[in-house]
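Accompanying notes for the structure given below.
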Amino acid sequence: MNRLVKFVARIDLGFFLLIAASALLCLGVVITDFYPTAFRKLNFITFQDWFPQYYMRPLLYAWILLLFATLFSLAVNTLVCTIMYVKNTMRARISARKWGIIMLHICFLIFLSGHFLYGFTGVSEDAIAEKGSTTDLSGVGLSLLPLSVEKKVATVYGEDIAMSTRAEITVTDDRGREATIHPETFKPEYALGYSFHISMKDKDLTDSQIGIIVRRGYGCHLFALGGIVALIAILFYVPSLFRPRGV
Amino acid sequence: METDVLFFKNWIINAFVFYLISVLAYSLDKRRIGGMLIIAGLAANTIALIGRGYIEGTWYPSLMVAELFMLPAAMALTVVFLFGRGKIVEGRLALIPFVVCCGITMLLPIEVPLPSAKYQIISAVFFLTEALSFALLVIAGVLAFACLVSSPNVEVSYSRMILWGFMVFTLCQISGAIWAYLGWSYPFSWSPRHLTSASIWCLYAAFIHAHFIGVHPRLKAVFAAFGIVPFMYMIYHHQIIGLLKMISARAT
């Protein structure tokens with residue numbers, strides 16, 4: 001057991017896993033070009049729903065499984081390595097730089113967990129809703145009733161350009177709970193465990209229609225936490241970069 | 001519209017002229033003149049970018065830094081910083097990617113983008129950090145290549161630049177994730193663009209870890225120099241794909 005922990009905690013293992021992850025992600029750019037639709041679908045359905053639908057694409061399937069395995073191994077390596085590093089550095093006074101390093105690794109773990117959680121639990125549905133009429137989103141178990149739609153348009157060089165859309169919407173879930181939200185382009189609102197985003201794809205919509213994306217992604221909370229930890233880590237780490245010494 | 005495009009075009013050309021003369025001056029070891037000219041170029045570049053965001057009496061700050069016209073300014077800033085810190089060899093080597101970047105930018109169609117809902121303050125942060133990380137990491141790659149070929153004494157400089165570049169690139173990823181979440185509802189999208197940036201992030205993270213496992217300095221330099229390839233692809237992928245399509249159309 002001890003030998004296994006020692007093996008998993010090796011920095012060189014982390015180094016090679018990072019290279020493997022980088023190479024796989026790079027390879028993904030080429031592979032996914034062959035299956036753009038199947039690949040894009042990953043943004044809208046969970047992995048457990050995606051796998052049975054697209055198992056007939058062996059190259060894409062093998063690539064994503066390999067990527068999962070590599071990233072999972074990297075997460076385990078980072079976790080064990082960070083624990084060992086904290087254990088070793090706790091014996092002496094920890095400098096701001098070391099805090100920065102520890103937090104950067106923690107935020108990497110948080111981001112990876114966010115991705116996994118998002119990939120396995122996140123659901124999303126987009127629809128076009130019309131003012132005054134109810135739109136059912138069966139995939140997420142909600143119905144939307146837009147009460148008002150306001151569109152801000154800027155006229156630039158004689159051309160009307162949609163700058164933002166704001167709507168007042170009553171949302172009802174399948175348990176009968178109701179909430180009124182006011183989402184705007186780039187200002188999503190949260191209600192009944194979902195986030196509501198106004199879509200920017202509105203070229204063919206009338207003035208009373210809105211494109212709306214409804215999403216439930218618990219991983220987002222982890223992303224937000226990871227972002228905050230990363231910013232703090234960078235603040236801790238950056239002063240050490242001004243000191244004249246090597247890497 | 002013509003006036004706005006003309007204003008932008010004139011100032012961006014002025015900036016490139018200043019940049020090119022400054023490169024000449026640096027090459028002739030006239031560092032003071034080179035420094036003054038590159039700063040003049042930076043000023044002209046900034047005026048061009050401000051003009052780019054000012055459309056029909058309204059100022060759209062995020063339009064200033066959108067797309068690729070910010071890159072030469074970020075490169076110039078890095079060159080000024082290197083010479084300012086007395087890193088003469090590094091500064092001179094940095095002139096190579098700087099000239100290449102200016103050359104590529106000159107070939108781009110000079111047009112003023114229309115404002116759009118997607119250009120927000122957070123997108124400006126994203127484009128700014130992307131340009132700065134590009135400048136730092138590409139210049140570091142060139143220094144690493146020089147380290148391999150003839151100047152082993154620049155190793156510390158390129159390693160530090162990669163550390164800085166990595167930090168700025170991490171900020172770029174975070175701001176990009178916030179921008180994508182607010183606008184498109186997901187912080188990471190399964191798309192070639194996001195895969196490329198994740199791949200680059202992993203590559204440089206591996207480079208930073210290479211120091212702790214005693215990787216040979218030459219191998220590290222190969223690593224850092226190789227990093228330029230995916231980075232260039234990420235920044236110029238539209239242009240590269242356009243060029244490939246043009247070549248393939250001509251061939252058929």
Side-chain angles (χ1 to χ4, degrees), chain A residues 10-12 14-19 21-26 28-29 32-33 39-43 74 104 108 114-115 118 122 124 126 154-159 161-165 185-188 195 197 199-200 213-215 217 219-220 223 226-227 230-231 234 237-238 241 245-247, chain B residues 1 4 55-56 58 60 112 114-118 120 122 155-156 159-160 162-164 167-168 170-171 173-175 177-179 181-215 223 230 233 237:
Chain A
R10 287 171 64 160
I11 298 186
D12 52 356
F15 170 79
F16 289 116
L17 284 170
L18 277 167
I19 302 247
S22 176
L24 277 170
L25 288 162
C26 211
V29 177
T32 54
D33 215 29
F39 180 58
R40 285 255 163 205
K41 199 83 183 155
L42 271 172
N43 288 317
L74 188 61
L104 272 174
F108 178 64
H115 274 300
Y118 206 86
S124 147
D126 52 343
T155 309
V156 181
Y157 305 130
E159 198 181 312
I161 296 166
M163 294 303 289
S164 72
T165 304
T185 318
F186 272 92
K187 285 178 192 158
S195 63
H197 306 252
S199 166
M200 280 180 284
I213 307 165
V214 183
R215 189 171 280 266
C220 277
F223 278 119
L231 290 177
I234 289 171
Y237 188 76
V238 160
L241 287 174
R245 64 168 181 201
V247 184
Chain B
M1 182 169 191
D4 290 336
I55 294 174
E56 291 194 327
T58 312
Y60 302 93
V112 176
L114 291 175
S116 143
K118 72 176 178 183
Q120 302 277 325
I122 191 72
E155 195 199 332
V156 174
S159 297
R160 300 210 116 214
I162 286 183
L163 265 182
W164 275 106
M167 289 294 157
V168 180
T170 304
L171 285 177
Q173 296 302 299
I174 294 171
S175 54
I178 297 171
W179 184 32
Y181 177 71
L182 294 177
W184 292 267
S185 85
Y186 35 69
F188 175 87
S189 127
W190 289 95
S191 66
R193 177 70 163 83
H194 286 211
L195 286 185
T196 317
S197 27
S199 163
I200 292 168
W201 192 90
C202 287
L203 185 78
Y204 284 105
F207 173 86
I208 290 165
H209 286 82
H211 175 75
F212 301 100
I213 60 166
V215 170
F223 216 114
Y233 176 76
H237 65 283

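It should be emphasised that the depicted structure is a prediction, and the values quoted were computed from it without experimental measurement. Numbered from 1 within each chain, the chains take letters A, B, ... in sequence-line order.
Heavy atoms closer than 4.5 Å to chain B are found nowhere in A:Ser124, neither backbone nor side chain. In this structure, chain B has a heavy atom under 4.5 Å from the side chain of A:Tyr118, while its backbone stays farther away. Neither the backbone nor the side chain of A:Leu74 comes within contact range of chain B, judged by heavy atoms closer than 4.5 Å. In this structure, chain A has heavy atoms under 4.5 Å from both the backbone and the side chain of B:Leu182.
A:Lys41 has its side chain out of reach of B:Trp190: every pair of non-hydrogen atoms, C-beta onward, lies at least 4.5 Å apart. Residues A:Leu17 and B:His209 form no side-chain contact, since every pair of their non-hydrogen atoms from C-beta on lies 4.5 Å or further apart. At a threshold of 4.5 Å between non-hydrogen side-chain atoms, the residues A:Ile213 and B:Tyr186 do not count as touching. Inter-residue side-chain proximity for A:Phe15 and B:Phe207 is flagged as unmet; no heavy-atom pair is nearer than 4.5 Å.
Of the inter-residue distances, the one linking A:Ile19 atom CD1 with B:Leu203 atom CG reads 6.5 Å to the nearest 0.5 angstrom. Distance check, rounded to the nearest 0.5 Å: CD1 of A:Ile234 to CD1 of B:Ile174 gives 5.0 Å. For the atom pair B:Tyr204 OH and A:Leu18 CG, the distance stands at 14.0 Å (nearest 0.5 Å). For the atom pair OH of A:Tyr237 and OG1 of B:Thr170, the computed distance is 11.0 Å after rounding to the nearest 0.5 Å.
Partners of A:His115 under the ring-ring contact (aromatic ring centres under 6.0 Å, His included) rule, at least two apart in sequence or in another chain, are A:Phe223, B:Phe188. Under the salt bridge (Lys or Arg N to Asp or Glu O under 4.0 Å) criterion, A:Arg40 pairs with no residue at all, not counting sequence neighbours.
Ranking B:Pro230, B:Ser199, B:Cys202 against chain A, the residue ahead of the rest is B:Ser199, based on heavy-atom pairs under 4.5 Å. Chosen from A:Asn43, A:Asp33, A:Thr32, A:Asp12, the residue pairing most often with chain B at heavy-atom distances under 4.5 Å is A:Asn43. In terms of non-hydrogen atom pairs under 4.5 Å with chain A, the most contact-rich of B:His194, B:Gln173, B:Arg193, B:Met167 is B:Met167.
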